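Everything below concerns the one structure shown next.
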Amino acid sequence: MEQLIETLRTQRDLSDEQLTALITRESDDKDLFAAADAVRREHYGTDVFLRGLIEFTNVCQNDCYYCGIRKSNAQAQRYRLTQEQILHSCENGYRMGFRTFVLQGGEDPRNTDAWVCSMVDKIKTAHPDCAVTLSIGEQSRASYQAYFDAGADRYLLRHETASDAHYRRLHPEEMSLANRKRCLFDLKDIGYQVGAGFMVGSPWQTPKELVADLRFLQELQPDMIGIGPFIPHHETPFADKQSGTLELTLRMLSILRLLFPYVLLPATTALGTISPIGRELGLKAGANVMMPNLTPTDARKHYDLYDNKICMDEEAAKCRLCQEGRVRSVGYQIVSDRGDVRR
């Protein structure tokens, strides 16, 4: 395994068989984590970039089988933040040192091009030194172009799985992997810093699907890759499915860092949900981004993608301080910076 890790570090690639061997290894991953951390330090030092997350709507027209805000969840308490609430969240975040704001929400019919462009323009006018990231799902190329022209810098759209057959088992018929990929390539062509990513341990996933995810990311060459363990939600068809594991998620983080040395790689909330020190371990495995929540607490508890999600009732300032302490505890430092990709 040492030779495989060294080859991956130096060549930034392995065969499908070699990747499968690394993904399914049964030994301790300390050597893999150490290699990933060294590569991360070569490119980003000990810097950890913060993204201020604003979950501005939990209304969604999609019915993804794994998601707690799917349209069929009649128990979900729906909400939409106003533009004034979003701007207030950005102002709070700016005072705390955030220089990137992530507007994330379901595919809400309220999110017309005019509304989104107006929101982006207002944030950029108020905070011209900040990056605005959108994460609002599959849209037309014309819509993506309009958001970009209004000032949006980045777009996050996890592909979730790069296998057509697997995608169909996770999503309703009206959704397709082909359209998801079309969106990602449109975003890249327009000029966004693009983020993709996948669930680890989702139902019916095997090492073959994980290798397919890595191959798709090599084709896309995104600037950001967001992965996290699958965690079931009790009001979905996957309520009784097993969660993804901490061990495999950390292993995939390290493999991603070695494949894509430049990439912006978050230690996600889902990691912190399956382990009290999951995010710290994620940083040590190669991650260099954290996403404290700036959503007003009365709305945040309703952005319920999976069960037992952490940080649902913390004030933004407390969440920020908590994450700073966590980052320092494992030898890294938070920087007040846009945190653009360093290719």
Side-chain angles (χ1 to χ4, degrees), residues 44-58 79-105 111 115-136 147 150-156 193 195 223-224 226 264-269 272 279-280 282-283 287-303 309-342:
Y44 291 99
T46 58
D47 290 352
V48 173
F49 304 115
L50 294 186
R51 311 307 197 206
L53 181 63
I54 303 170
E55 298 161 332
F56 68 99
T57 176
N58 73 343
Y79 73 89
R80 292 171 166 135
L81 298 185
T82 64
Q83 290 200 354
E84 290 70 27
Q85 287 175 303
I86 294 169
L87 287 168
H88 182 67
S89 295
C90 291
E91 184 60 41
N92 284 343
Y94 192 85
R95 287 197 298 268
M96 288 185 271
F98 291 91
R99 295 299 179 266
T100 290
F101 302 113
V102 180
L103 301 188
Q104 184 173 84
N111 299 340
W115 191 94
V116 174
C117 291
S118 169
M119 190 70 261
V120 170
D121 179 67
K122 287 176 180 177
I123 295 171
K124 295 291 281 194
T125 299
H127 306 292
D129 55 333
C130 293
V132 172
T133 303
L134 297 176
S135 182
I136 53 176
Y147 311 155
D153 302 276
R154 305 175 185 146
Y155 204 101
L156 304 180
Q193 290 184 38
D223 304 287
M224 304 163 280
L264 294 161
L265 198 58
T268 59
T269 301
R279 287 170 293 180
E280 292 92 315
L283 293 174
N288 65 332
V289 171
M290 294 184 80
M291 298 176 70
N293 206 320
L294 298 177
T295 312
T297 52
D298 57 344
R300 189 185 310 173
K301 61 189 176 185
H302 301 306
Y303 201 81
K309 187 179 174 187
I310 57 171
C311 304
M312 296 291 261
D313 55 2
E314 281 188 356
E315 291 294 336
K318 183 179 178 184
C319 187
R320 166 73 167 79
L321 286 171
C322 170
Q323 296 213 2
E324 184 156 5
R326 289 176 179 276
V327 169
R328 280 202 311 266
S329 75
V330 286
Y332 306 101
Q333 62 174 353
I334 284 176
V335 291
S336 185
D337 189 302
R338 275 175 48 121
D340 290 301
V341 69
R342 299 175 190 170

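For clarity, every value in this text was computed on a predicted model and none was experimentally measured. The analysis underlying the following values was restricted to heavy atoms, covering all of them including side chains, and did not include hydrogens, waters or symmetry mates.
- Partners of Arg326 by side-chain hydrogen bond (donor to acceptor under 3.5 Å, both in side chains), not counting sequence neighbours, listed by chain and number: Glu280.
- For Phe56, the ring pair (Phe, Tyr, Trp, His ring centres under 6.0 Å) test picks out Trp115, with sequence neighbours left out.
- Among residue pairs with one or both ends in residues 86-95, those qualifying as salt bridge (charged side-chain N to carboxylate O under 4.0 Å, His left out) are Glu91-Arg95; sequence neighbours excluded.
- Between Arg51 and Leu156 the shortest side-chain heavy-atom distance does not fall below 4.5 Å.
- Residues forming a side-chain hydrogen bond (donor to acceptor under 3.5 Å, both in side chains) with Thr295 (at least two apart in sequence, or on another chain): Asn293.
- Applying the ring pair (Phe, Tyr, Trp, His ring centres under 6.0 Å) test to His302 and every residue at least two apart in sequence or in another chain returns nothing.
- A 4.5 Å side-chain heavy-atom check between Leu50 and Thr100 finds every atom pair outside the cut-off.
- For the pair Pro296/Leu81, a side-chain contact is recorded, criterion being any heavy-atom separation below 4.5 Å from C-beta on.
- Contacts of Tyr79 classified as ring pair (Phe, Tyr, Trp, His ring centres under 6.0 Å), with partners at least two apart in sequence or in another chain: none.
- Considering only residues two or more places apart in sequence or on other chains, Tyr332 meets the ring pair (Phe, Tyr, Trp, His ring centres under 6.0 Å) condition with none of them.
- In this structure Lys124 satisfies the salt bridge (charged side-chain N to carboxylate O under 4.0 Å, His left out) test together with Asp153, sequence neighbours excluded.
- For the salt bridge (charged side-chain N to carboxylate O under 4.0 Å, His left out) test, residues two or more places apart in sequence or in another chain that qualify with Asp340 are Arg154, Arg338.
- Here the side chain of Arg99 pairs a donor or acceptor atom with the backbone of Tyr94 at under 3.5 angstrom.
- Under the rule for a salt bridge (charged side-chain N to carboxylate O under 4.0 Å, His left out), Asp298 has no partner lying at least two apart in sequence or in another chain.
- The main-chain N or O of Leu265 is found under 3.5 Å from a side-chain atom of Asn288 such that the two form a donor-acceptor pair.
- Between the side chain of Arg300 and the backbone N or O of Cys311 there is at least one donor-acceptor pair closer than 3.5 Å.
- Residues satisfying the side-chain hydrogen bond (donor to acceptor under 3.5 Å, both in side chains) criterion with Asp223, sequence neighbours excluded, are Arg343.
- Scanning for side-chain hydrogen bond (donor to acceptor under 3.5 Å, both in side chains) contacts around Tyr44 gives an empty result, with sequence neighbours left out.
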